[in-house]
Amino acid sequence: MTYKEEFIKFMVDSGVLTFGDFTLKSGRKAPYFINCGNYKTGEQLAKLGGFYADCIADNKIPVETLFGPAYKGIPLAVSAVIALATKYGIDVSYCFDRKEAKDHGEGGMFVGKKLADGEKVIIIDDVMTSGKALRESMPKLKSAADVNVTGMVITVDRMEKALDTDLSAVEQAYKDFGVKVYSIVNINDIIKAIQDGVVEGKEYLDKMLEYRAAYGVDH
Ligand code: OMP
């Protein structure tokens with residue numbers, strides 16, 4: 001089994017890759033959904049962190065701090081920062097934002113490493129569809145300090161159009177913010193894994209391809 005196939009099987013076994021009728025953050029109605037909130041156990045998070053760390057190390061993305069956007073990005077960034085240290089001996093920091101500012105104690109909008117101008121930051125998130133989530137986190141991150149976002153690492157690139165453009169969300173992210181998006185797998189890898197029988201789901205393929213014809217784009 002290839003590395004990508006192993007990850008796709010891991011998503012299915014963890015109940016993360018699901019099929020049905022879903023309304024997405026962008027308003028799109030999709031026949032499949034990747035719910036990273038379903039990685040629940042210590043073993044699953046340890047394994048997930050290893051995949052993020054592999055992606056960062058393999059692509060040699062410069063990094064001082066991992067940023068996990070609240071809420072779903074928090075355990076993802078924590079899993080990745082631990083795996084970078086234990087698997088690769090790369091001991092870096094992590095931080096996350098608060099959804100509501102704290103007005104007592106240490107106060108502020110961020111928890112974890114205090115960001116500095118020029119700091120090399122990787123955004124750790126779950127999935128990219130239209131790029132809306134990145135569009136929301138960039139101003140927050142930049143409000144902390146003039147950080148250097150060296151990349152964004154996600155588990156699945158759905159390879160879809162950004163909103164109001166024919167560019168892919170990944171291309172639009174680079175155009176607007178200079179942020180390069182790295183993914184462990186993309187939707188073509190998932191479709192191929194289903195076609196090859198690596199994971200179940202052949203009955204959903206028609207709907208997935210139909211959806212891909214409507215919103216999908218190559219990059
Ligand atoms: P965009 O902000 O449109 O790129 O959508 C990505 C975000 O939507 C993710 O950060 C999730 O919060 C959520 N999402 C998933 O978690 N899994 C999916 O398969 C699809 C979405 C989505 O709503 O598009």
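First listed ligand is number 1; within each ligand, the first listed atom is number 1. When reading the values below, keep in mind they use all heavy atoms of this one structure, side chains included, and skip hydrogens, waters and symmetry mates.
Close approach to Gly131 involves these atoms of ligand 1, each under 4.0 Å from a residue heavy atom: 1 (P), 3 (O), 4 (O).
Between Glu64 and Lys113, none of the side-chain N atoms (NZ, or NE/NH1/NH2) sits under 4.0 Å from a carboxylate O, so this pair counts as no salt bridge.
Side-chain atoms of Asp157 and Tyr182 form no donor-acceptor pair, as typed in the model, at a separation below 3.5 Å.
The distance criterion of under 3.5 Å between nitrogen or oxygen atoms is met by Lys132 with respect to ligand 1. For ligand 1, the polar-atom distance check finds an N/O of Arg158 within less than 3.5 Å of one of the ligand's N/O atoms. The N/O atoms of Met128, backbone and side chain alike, include none that comes under 3.5 Å of an N/O atom in ligand 1.
If you check which protein heavy atom lies closest to atom 24 (O) of ligand 1, you get Thr129 OG1, 2.6 Å. The shortest contact between atom 6 (C) of ligand 1 and any protein heavy atom is with Val127 O, 3.4 Å. Protein heavy atom in closest approach to atom 7 (C) of ligand 1: Lys25 CD, 3.8 Å.
Checked against the 6.0 Å centroid criterion, the rings of Phe10 and Tyr39 qualify as a close aromatic pair. For Phe51 and Tyr3, the gap between ring centers is short of 6.0 Å.
For the ring-ring contact (aromatic ring centres under 6.0 Å, His included) with Phe19, the lone residue among Phe33, Tyr32, Tyr204 that qualifies is Tyr204.
Contacts of Lys4 classified as salt bridge (Lys or Arg N to Asp or Glu O under 4.0 Å), with partners at least two apart in sequence or in another chain: Asp189.
Distance remark: protein heavy atom present below 4.0 angstrom from atom 20 (C) of ligand 1.
Residues Tyr71 and Leu76 fall into different hydrophobic clusters, defined by Ile, Leu, Val, Met, Phe, Trp and Tyr side chains chained together at heavy-atom separations under 4.5 Å.
Only the side chain of Lys72 comes within contact range of ligand 1, with a heavy atom under 4.0 Å; no backbone atom does.
Of the candidates Ala133, Gly73, Ser130, it is Ser130 that places a heavy atom closest to atom 3 (O) of ligand 1. Nearest to atom 11 (C) of ligand 1 by heavy-atom distance, out of Leu163, Thr23, Asp126, Ile34, is Asp126. Considering only non-hydrogen atoms, atom 18 (C) of ligand 1 lies nearest to Phe33 out of Tyr71, Phe33, Tyr32.
Remark: Arg158 is not positioned above the aromatic ring of Tyr215, lacking an NZ or CZ atom under 6.0 angstrom from the ring centre and at most 45 degrees off the axis.
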